[in-house]
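Here the structure is laid out as structure tokens; the discussion comes afterwards.
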Amino acid sequence: MGIIVQKFGGTSVADAEKILAAARKAIRVQQQGHQVVMVVSAMGKNTDVLVDLAGQISSNPSAREMDMLLSTGEQVSVALMAMAIHELGSKAVSLTGGQIGIKTDSSHTKARIQSISTDRMRKHLEDGNIVIAAGFQGIDDDFNITTLGRGGSDTTAVALAAVLRADACQIYTDVDGVFTTDPRIVAEARKMNQVSHDEILELASLGAGVMHSRSIEFGKKFGVPIHVCNSASFSDDPGTVIGLHPESMDRPVSGAALTKSEAWITISHVPDQPGTMETVFSKLGKVNVAVDMIVQNIGEGGKAEISFTVLEADLPATLKAAQEAAKELGGAEVTHQADVSKVSIVGLGMATQTGVADRMFRALADEGINILAITTSQIKISALVRREQAMQALRAVHSEFELEKPPGDRAAFGDKHTAASPPSPIDIVARLQRMEDLTIENIQLDETQGRITLSQVPDKPGISAEVFEAVAAEDIMVDMIVQGTGRDGQANLSFTVPKQSVAAAAEIVSKVAEQLECGPVTTAAQIAILSVFGIGIRTHTGVGVRTFQALSQAGINVEMVGTSEMRVNVVVAADKGPAGLKALQTAFSDVIG
Ligand code: ADP
Ligand code: ASP
Ligand code: MG
């Protein structure tokens, strides 16, 4: 007999009937001999209604009072749920985050969990109660009510499962599980039976709204088995199991996601020297804006351009911070484009296969979709497109990789280079002071790669498809890809390949460049890739800042950047690798094991 945590999302408790149905589910599990903790969200769209109400009173409501307001949504649900269970003849007690003892920091509206006391929950469970916990809320050291950020009830559920060492955490929602992409956008999307923590972490942070990405961080850190299933299903459909193993290591892509409302910011006329990245990203870090798709183009006369994406909602704060950085950098200029969206593919298998990127780019080119920017990490490729083409882009990549079919039925392609093994759980919990602390697993230096850069890439569909098809045809494994359209509408396209393949790749790309009327191709026979990796790298906005700061202080220029939930990868000159590694090890010594 163990503990089962069951979380019910807003649509699953939207009315009295649904609350009673959820109560029956919990009672059934208790009758099977388990202790049950329920986590419930605010009813239906209640949180949106409260946000809207606040907006009618004030255009800039205090964050503390927002938390006070929003936490009431969940308080309504827990009380009604307890009444429902009583009515059905079982024992239950409802608790707010504060009553449980969910301690958070004081960053209102996006608080992080520091610790959770299990005493009170255990006492009620021992007395035969179903414990009903209010999702998405906690309390800080001064007894202020805090909330964890929109969608945060998932995080409460997995965190409670972690501290209670529950046998399982069941997430009941309005879809049958985690799908290959949002089923509301792509009707053909298929439910995955199994997905690894790393894939769902990426998918969640790249726009798959089905799970709060911080809940997956807990799942991974504490080894909590998570099941996502449909609360409206009467069958015992197991939904999707989120755990160590992906559905298939043989097929490179597991899912696709869309972040619809992104903005693309470019700071141009920046001096190409150590410290510029730090200046820009420390300003953004101060206003707590998470940055993605960072691209640096080297222009003429030693001037560079730094471009990146942020959520469109963060655009006003970002522009203000970017203007300040530009002023500090002397003569730099800030431009932006707001009507853009990010389409991404994710899969553990792509780390070891050739011929993935070119297929994504070809699928987009065939639809006449121009790619404004490209960034990659080991297990994802993101492409920035115009928002009016975003849905079409998502459908195109979903269909290109045949995600509607079970992995075993998808056509095999590409060349498998190494037999990758599934990731293993990491033993970092013992080192954590606070539950949601940043955890850096390690810092690595990779000196096996070289770089190819194609300059003056014209701003039209199909160029990246041509380039990577030609490279894949020679069976050359591409690692990082970074491309971004700058102010003048032209882009640099840089990518890394094993250093023994640099000459061959450069020759192929030069031919393509000539046909497509691009500028010159330059290469670096060897480069150094420095990687800081762990859990929640992007949600902790300080990691990028600390990385750039450490390298700048060591006088090292950053040439390329790739970020993901698991990693920050930066390319520096080959001879700066060891010094860069040392600088990063020192910078992260307080959080590294
Ligand atoms: P809840 O209120 O239960 O927390 P959410 O609305 O937060 O539910 O999440 C469920 C919704 O997430 C689904 O209705 C679906 O439209 C959306 N979604 C986005 N991406 C995915 C995906 N990859 N798989 C499943 N659902 C997704
Ligand atoms: N009620 C909160 C929200 O709508 C938390 C949640 O449902 O997860 O964001
Ligand atoms: Mg949700």
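Side-chain atoms are counted along with the backbone in the values below, which use heavy atoms only and exclude waters and symmetry mates. Both counts, for ligands and for their atoms, begin at 1 and track the order of listing.
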Would [X] count as a polar contact of ligand 2, with the cut-off being nitrogen or oxygen pairs under 3.5 Å?
| X | result |
| --- | --- |
| Asp154 | no |
| Lys7 | no |
| Gly151 | yes |

Going by the order shown, which atoms of ligand 2 are within less than 4.0 Å of some heavy atom of [X]?
| X | answer |
| --- | --- |
| Ser41 | 6 (C), 7 (O), 8 (O) |
| Glu74 | 1 (N), 2 (C), 5 (C) |
| Arg150 | 3 (C), 4 (O), 9 (O) |
| Gly152 | 5 (C), 8 (O) |

Could you point out which residue of Thr375, Val343, Val356 forms a side-chain contact (heavy atoms from CB on, under 4.5 Å) with Ile381?
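Exactly one option meets the side-chain contact (heavy atoms from CB on, under 4.5 Å) with Ile381, and it is Val356.
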
So, Lys342 and Asp292, do they make that salt bridge, N to O below 4.0 Å?
yes

Would you mind checking if Arg190 and Glu247 are paired as a salt bridge, meaning a charged N to carboxylate O distance below 4.0 Å?
yes

Which protein non-hydrogen atom lies closest to [atom], naming both residue and atom, and how far is it?
| atom | answer |
| --- | --- |
| atom 8 (O) of ligand 1 | Thr173 OG1, 3.2 Å |
| atom 25 (C) of ligand 1 | Gly177 O, 3.4 Å |
| atom 24 (N) of ligand 1 | Phe179 N, 2.8 Å |
| atom 21 (C) of ligand 1 | Asp182 CA, 3.7 Å |
| atom 7 (O) of ligand 1 | Gly209 O, 3.7 Å |
| atom 13 (C) of ligand 1 | Asp174 OD1, 3.4 Å |
| atom 27 (C) of ligand 1 | Val210 CB, 3.5 Å |
| atom 16 (O) of ligand 1 | Arg184 NE, 2.7 Å |

Kindly confirm or rule out an N or O of Ala208 lying under 3.5 angstrom from an N or O of ligand 1.
no

N/O of Val178 under 3.5 Å from N/O of ligand 1, yes or no?
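No.
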
Is a side-chain N or O of [X] found less than 3.5 angstrom from the main chain of [Y], in a donor-acceptor match?
| X | Y | result |
| --- | --- | --- |
| Asn230 | Ala232 | yes |
| Asp176 | Gly239 | no |
| Glu436 | Ile113 | yes |
| His86 | Ala92 | yes |
| Glu202 | Glu199 | no |

Touching ligand 1 at all, Lys7? Heavy atoms, strictly under 4.0 Å?
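Lys7 counts as a contact of ligand 1 under the 4.0 Å cut-off.
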
Does even one non-hydrogen atom of Pro183 get within less than 4.0 Å of ligand 1?
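The answer is yes: ligand 1 sits under 4.0 Å from a heavy atom of Pro183.
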
Establish, yes or no, whether the cationic atom of Arg410 lies under 6.0 Å from the six-membered ring centre of Phe401 and within 45° of the ring axis.
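Relative to the ring axis of Phe401, which defines the angle, Arg410 lies outside at least one limit.
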
Would you sort out whether Asp437 and Arg434 count as a salt bridge (Lys or Arg N to Asp or Glu O under 4.0 Å), showing the intermediate values?
CA-CA 5 Å; Asp437 268 0; Arg434 290 171 292 266; 3.2 Å; yes

Rounded to the nearest 0.5 Å, how far apart are CD of Gln194 and CD1 of Ile200?
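Here the rounded value is 13.0 Å.
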
Contact bool for atom 3 (O) of ligand 1 (protein heavy atom, d < 4.0 Å)
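Answer yes: something from the protein, a heavy atom, is under 4.0 Å.
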
Minimum heavy-atom separation for Val543 to Ile537, with atom names?
CG2-O, 3.6 Å

With atom 8 (O) of ligand 2 as the reference point, say which of Ser153, Gly44, Ala157 has the nearest heavy atom.
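That would be Ser153.
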
